[in-house]
Engineer: 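Take a look at the following structure, please.
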Amino acid sequence: MGIENDAILSYLEDSARFADLFNQFCFGGREIVEPQKLTDASEVYHTPPGRRRQRRQGIRDIKKRLESGVCLKILAVEAQNDVNYIMPWRIMEYDCMEYGKQIRRIQNANREAGEYASAGEFLCGFRREDRLVPVYTLCLYHGTGQWNGPRCLRDMADFGADAPEWEQCFSDYPMRLICASEPMDYTAFRTPLGALFELLPLRRDKTRLKKLMDENPIYQKLDGDTAETASILMGVNLFIKQRKKYKNGDGYNMCQAIKEMMEDSRTEGWEAGIRIFIQANRDDGLEDDAIADKLRKYYGLAKKEVLKFL
């Protein structure tokens, strides 16, 4: 899946951050999902024997059970670093596998009890009062580009231009898609997940990224998990290699690491430009002595720096 996907999934395994994600994108920031009522439920879905399928099993990225009073709900997150053009179907399949597992469990319990009120209940093994635990799945796209794939099953279907009535009666399956590359309201987050998400749309905008580092003090003392995840998603190799250097009390100075990364990028670009300049002049037939004069004149390089490049 890639180091970026592994990083964000590991980060969201924490119940407080997982709850924060659902509360933000499903309930507008209201604390409907309480972290202390979440339990891990990750597992592999197996296809029942005798059913020929292309895939024999499915693995959820993260799945948790929410137990609130007598009500139980299944919450899941599927993370994507690249656009997946079959994602609505994939999520629908995972949800159907979860419902199928629940149905088989209920059927087995009913058969053991042998209590049916009608022939219909007996034939399907499911009683009229039996109910399924609802499943809620979020798709978190954290790639750098825009999501240009389908956002629901309808987007994957071809209804034909001459038959709009078929599209109107189509049973759609929507996908709850979060695009971390798109700006959003970060004020309702209750955990540093908001600070992490605020960085992601700025991966290709160094000016706004620097402005954020200058204006928001939270990045001067990020907790270890958030700093590490941010460094991987933002490509801040300096932090990954020299984590101790950025230690700041009980947190980490991600602001310093990001600014140093941008400075290194500018330096690399400047040096690459000089090397291109040298090669272009050599291609034009200029000797190194003449090129050295140009480097001193146009780039203000000292003799030692000129020798390094030549």
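Quantities reported herein were computed from a predicted structural model and do not represent experimental measurements.
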Engineer: Can you confirm whether Phe25 sits close enough to Met184 that some side-chain heavy atom of one is under 4.5 Å from a side-chain heavy atom of the other?
Structural biologist: yes
Engineer: Any chance CZ of Phe122 has more than 12 other-residue heavy atoms, nucleotides or ligands included, within less than 6.0 Å?
Structural biologist: no
Engineer: At what distance, to the nearest 0.5 angstrom, does CG of Leu12 lie from NE2 of His142?
Structural biologist: 9.0 Å
Engineer: What I'd like to find out is whether the side chain of Leu153 reaches to under 4.5 Å of the side chain of Met156, using heavy atoms alone.
Structural biologist: yes
Engineer: Quick one: CD1 on Ile232 to CD1 on Ile8, what's the gap to the nearest 0.5 Å?
Structural biologist: 10.0 Å
Engineer: Run Gln146 and Tyr141 through side-chain contact (heavy atoms from CB on, under 4.5 Å) and show every step you take.
Structural biologist: CA-CA 9 Å; Gln146 295 297 311; Tyr141 171 62; over 6 Å; no
Engineer: Are a donor atom and an acceptor atom from the side chains of Asn148 and Tyr85 found within less than 3.5 Å of each other?
Structural biologist: yes
Engineer: Taking Asn23 for its side chain and Glu31 for its backbone only, find out whether a donor-acceptor pair lies under 3.5 Å.
Structural biologist: no
Engineer: With no hydrogens and no angle check, just 3.5 Å: does a side-chain donor-acceptor pair link Thr226 and Tyr11?
Structural biologist: yes
Engineer: With a 4.5 Å cut-off on side-chain heavy atoms, are Phe18 and Leu38 touching?
Structural biologist: yes
Engineer: So does Lys211 have more than 12 non-hydrogen atoms from other groups sitting under 6.0 Å from NZ?
Structural biologist: no
Engineer: Could you report the tightest heavy-atom contact between Ala230 and Met254, atom names first, then the distance?
Structural biologist: C-CE, 4.2 Å
Engineer: Taking the side chain as every heavy atom from C-beta outward, state whether Leu238 and Tyr246 have any pair of such atoms under 4.5 Å apart.
Structural biologist: yes
Engineer: Salt-bridge test for Glu167 and Arg154: reply yes if a basic N is under 4.0 Å from a carboxylate O, no otherwise.
Structural biologist: yes
Engineer: Compare all side-chain heavy atoms of Met213 with those of Leu199 and state whether any distance is below 4.5 angstrom.
Structural biologist: yes
Engineer: Pair Met87, Trp147 - check side-chain contact (heavy atoms from CB on, under 4.5 Å), show working.
Structural biologist: CA-CA 11 Å; Met87 202 62 196; Trp147 179 275; 4.1 Å; yes
Engineer: Glu165: what forms a side chain to side chain contact (heavy atoms under 4.5 Å, CB included) with it, not counting sequence neighbours?
Structural biologist: Ala163
Engineer: Under 4.5 Å between any side-chain heavy atoms of Ile32 and Cys26, yes or no?
Structural biologist: no
Engineer: May I have the step-by-step check of side-chain contact (heavy atoms from CB on, under 4.5 Å) for Arg208 and Leu212, ending in yes or no?
Structural biologist: CA-CA 6 Å; Arg208 289 174 58 207; Leu212 178 63; over 6 Å; no
Engineer: For the OH atom of Tyr219 and the CG atom of Asp214, what is their distance to the nearest 0.5 Å?
Structural biologist: 12.5 Å
Engineer: For this output row, return yes or no: ring centroids of Phe170 and Phe159 closer than 6.0 angstrom.
Structural biologist: yes
Engineer: Taking Lys63 first and then Glu98, would you say they form a salt bridge - that is, a charged N and a carboxylate O separated by under 4.0 Å?
Structural biologist: yes
Engineer: If only side-chain N and O atoms count, and only distance matters, is there a donor-acceptor pair under 3.5 Å linking Arg203 with Ser181?
Structural biologist: no
Engineer: Would you call Leu138 and Glu78 a side-chain contact if the rule is heavy atoms closer than 4.5 Å?
Structural biologist: no
Engineer: Do you know the tightest heavy-atom contact between Asn248 and Asn253?
Structural biologist: CB-N, 4.2 Å
Engineer: Examine distances only and state if a side-chain atom of Asp130 and a backbone atom of Arg127 form a donor-acceptor pair shorter than 3.5 Å.
Structural biologist: yes
Engineer: Under a 3.5 Å distance rule, please check whether Asn81 uses its side chain to pair with a backbone N or O of Glu4 as donor and acceptor.
Structural biologist: no
Engineer: If you count heavy atoms of other groups shown closer than 6.0 angstrom to CD of Glu129, is the number above 12?
Structural biologist: yes
Engineer: Go through it in stages, so that I can follow the logic: the residues are Leu200 and Met234, the test is side-chain contact (heavy atoms from CB on, under 4.5 Å), and I'd like the CA-CA distance, side-chain angles, deciding distance and then a yes or no.
Structural biologist: CA-CA 7 Å; Leu200 300 185; Met234 299 292 292; 4.2 Å; yes
Engineer: Taking all non-hydrogen atoms of both residues, which atom of Gln220 and which atom of Cys255 are closest, and how far apart?
Structural biologist: CG-CB, 4.1 Å
Engineer: Nearest 0.5 Å, please: how far is CZ in Phe189 from CD in Gln24?
Structural biologist: 4.0 Å
Engineer: We want to know whether Arg243 and Tyr252 form a side-chain donor-acceptor pair, criterion being a heavy-atom distance below 3.5 angstrom.
Structural biologist: yes
Engineer: Give a yes or no on whether the backbone of Arg128 and the side-chain of Glu121 come within a donor-acceptor separation of less than 3.5 Å.
Structural biologist: yes
Engineer: Starting at SG of Cys96, measure out to CD1 of Ile91 and round the result to the nearest 0.5 Å.
Structural biologist: 12.0 Å
Engineer: I need the Arg176 CZ to Cys152 SG distance, nearest 0.5 Å.
Structural biologist: 13.0 Å
Engineer: With distance as the sole test, does Asp155 use its side chain to make a donor-acceptor pair with the main-chain N or O of Arg151 at under 3.5 Å?
Structural biologist: yes
Engineer: So, the side chain of Lys210 versus the backbone of Ile258: is there a donor-acceptor pair under 3.5 Å, distance only?
Structural biologist: no
Engineer: With a 4.5 Å heavy-atom cut-off, do Asp223 and Pro192 have their side chains touching?
Structural biologist: yes
Engineer: Give the minimum heavy-atom separation between Leu222 and Ala195, together with the two atoms involved.
Structural biologist: CD2-CB, 4.4 Å
Engineer: If you take all heavy atoms of Leu196 and Leu233, which pair is closest and at what distance?
Structural biologist: CD1-CD1, 4.2 Å
Engineer: Where do Asp14 and Ala16 come nearest, in terms of heavy atoms and distance?
Structural biologist: OD2-N, 3.1 Å
Engineer: Counting N and O atoms only, with roles assigned by atom type, does the side chain of Asn110 sit under 3.5 Å from a partner on the main chain of Tyr116, one being a donor and the other an acceptor?
Structural biologist: no
